[in-house]
Amino acid sequence: MYAQLPPLNSIRVFDAAARSGSFKKAAEELHVTPTAVSHQIKALEEALGTLLFVRKTRAIQLTQDGKRLAETAYSVLQQLTNTVSEIASTKNSITVSTTSSFAAMWLVPNLSKFNQLHPNIEVVVKTGEQVDDLEKDRSIDVAIRYGVYDDTLENAANLVTESIGMYATPSYVESIAAGQMANLLEARWQNANLPEFTWHALLKGASRDKSRYQISKFSQEHHIIQAALASQGIALVSSLLVKNALAQGWLTQYNYVEHTQKPAGLSYYLLVPEHNIHSHSIAKFKQWLLQALS
């Protein structure tokens with residue numbers, strides 16, 4: 001049944017070279033010599049009757065056949081690693097890419113609950129506002145994205161759709177009631193494709209004296225929340241991200257602008273690359289997220 005398959009070790013060597021784009025880096029990863037890697041790749045190419053790499057002076061580049069094999073090899077080896085880890089009850093690691101604010105204000109504070117349920121799965125959190133290409137960047141196993149959820153996306157699941165509210169410390173609310181000028185905190189997204197939630201839109205037509213408030217902008221939602229926690233203003237921010245602060249009584253909801261329609265929030269959704277759709281560890285992480293955010 002498997003007579004035409006090359007040795008597994010040659011596939012491992014090829015996968016390392018394809019991911020790193022270098023025989024030398026593949027050799028360092030596998031703790032062998034670059035010559036050994038080169039011999040393994042050459043033997044694999046001869047067995048398959050096709051070139052997998054174009055050799056250049058200082059680099060290697062996958063051919064079309066090489067790209068096809070690289071995608072399959074990585075997916076199969078990843079599934080095999082996950083299954084062996086689960087059977088052997090050893091530590092299995094998954095890397096999650098998400099926004100800095102979601103990581104700081106929700107994921108990291110709640111991650112211990114997942115660890116208690118699944119002690120053999122280690123979750124490594126990578127943050128950033130850029131949109132990673134999950135099919136090309138194999139260092140990321142799964143992404144939690146923020147934006148308008150598109151239900152036509154493959155291998156995606158909507159985790160939660162937030163609501164937007166106004167939040168401040170109880171002491172700051174008292175100071176506003178006593179006549180202090182209000183400092184209104186809002187985000188200016190680094191991702192220009194995201195719709196912004198602004199105080200200007202909420203205050204439009206409201207009977208608020210413009211001399212009694214000022215607006216401060218931040219590039220990250222968790223910076224807004226930290227400023228609000230320090231009694232520096234009223235945050236216009238996701239209710240999901242302030243959930244813990246509300247539960248602890250550190251912040252309270254305060255509708256500085258009454259009788260206005262609050263902006264509709266965006267969604268956090270999970271995106272799994274094609275080569276990881278059969279991962280049991282990611283399936284467990286996804287199930288936990290759906291239950292925790294429901």
Side-chain angles (χ1 to χ4, degrees), residues 1-85 92-99 122-145 147 150 152-156 190-193 270-279 281-282:
M1 181 177 177
Y2 304 115
Q4 293 183 328
L5 289 178
L8 179 61
N9 190 54
S10 66
I11 296 295
R12 286 183 63 243
V13 173
F14 167 75
D15 171 68
R19 282 187 288 103
S20 64
S22 164
F23 287 174
K24 182 180 179 181
K25 290 179 180 178
E28 292 172 354
E29 177 182 325
L30 299 170
H31 305 292
V32 297
T33 65
T35 301
V37 170
S38 181
H39 286 328
Q40 285 276 5
I41 298 299
K42 185 176 180 181
L44 180 60
E45 289 177 326
E46 290 176 352
L48 296 175
T50 186
L51 285 177
L52 299 173
F53 293 100
V54 176
R55 278 77 165 173
K56 299 185 177 181
T57 305
R58 296 183 180 276
I60 56 173
Q61 184 177 341
L62 285 166
T63 63
Q64 285 301 117
D65 286 338
K67 289 178 181 178
R68 290 174 60 195
L69 183 59
E71 291 176 2
T72 301
Y74 179 85
S75 178
V76 170
L77 289 171
Q78 186 68 49
Q79 291 178 47
L80 185 60
T81 300
N82 291 342
T83 301
V84 169
S85 296
N92 186 25
S93 176
I94 59 175
T95 299
V96 180
S97 171
T98 189
T99 66
E122 179 184 15
V123 178
V124 179
V125 181
K126 176 186 176 184
T127 62
E129 311 315 310
Q130 75 285 351
V131 179
D132 298 303
D133 188 333
L134 301 187
E135 298 301 335
K136 290 183 179 179
D137 189 348
R138 300 301 175 93
S139 68
I140 300 171
D141 297 309
V142 63
I144 300 173
R145 296 265 172 85
D150 181 356
T152 65
L153 283 172
E154 292 188 14
N155 307 323
Q190 293 184 31
N191 184 347
N193 294 322
L270 195 73
L271 196 59
V272 182
E274 183 69 26
H275 53 265
N276 278 341
I277 58 174
H278 299 295
S279 167
S281 297
I282 291 175

Donor-acceptor under 3.5 Å ([X] side chain, [Y] main chain):
| X | Y | answer |
| --- | --- | --- |
| Asn276 | Asp141 | yes |
| Glu45 | Leu52 | yes |
| Glu274 | Glu154 | no |
| Thr95 | Val124 | no |
| Asn155 | Leu271 | no |
| Thr98 | Thr127 | no |
| Thr72 | Leu69 | no |
| Ser20 | Ala16 | yes |

So do [Y] and [X] actually touch side chain to side chain, heavy atoms under 4.5 Å?
| X | Y | value |
| --- | --- | --- |
| Ile140 | Val142 | no |
| Phe23 | Glu28 | no |
| Val54 | Ile60 | no |
| Glu46 | Ile41 | no |
| Arg19 | Lys25 | no |
| Asn9 | Phe14 | no |
| Ile94 | Glu122 | no |
| Leu77 | Arg12 | yes |

Spacing of [atom1] belonging to [X] relative to [atom2] belonging to [Y], to within rounding of 0.5 Å:
| X | Y | atom1 | atom2 | answer |
| --- | --- | --- | --- | --- |
| Ser279 | Ile277 | OG | CD1 | 10.5 Å |
| Leu62 | Glu71 | CG | CD | 9.5 Å |
| Thr50 | Arg68 | OG1 | CZ | 9.5 Å |

| If you look at every heavy atom in Ala18 and Phe53, which pair is closest and at what distance? | N-CZ, 3.9 Å

| Check against side chain to side chain contact (heavy atoms under 4.5 Å, CB included), Asp65 and Leu51 | CA-CA 7 Å; Asp65 286 338; Leu51 285 177; over 6 Å; no

| request: For atom CZ of Arg55, decide whether the heavy atoms of other residues, nucleotides or ligands shown that lie under 6.0 angstrom number more than 12. | output: yes

| said: Do Thr152 and Asp150 pair up side chain to side chain, a donor and an acceptor below 3.5 Å, judged on atom types alone? | reply: yes

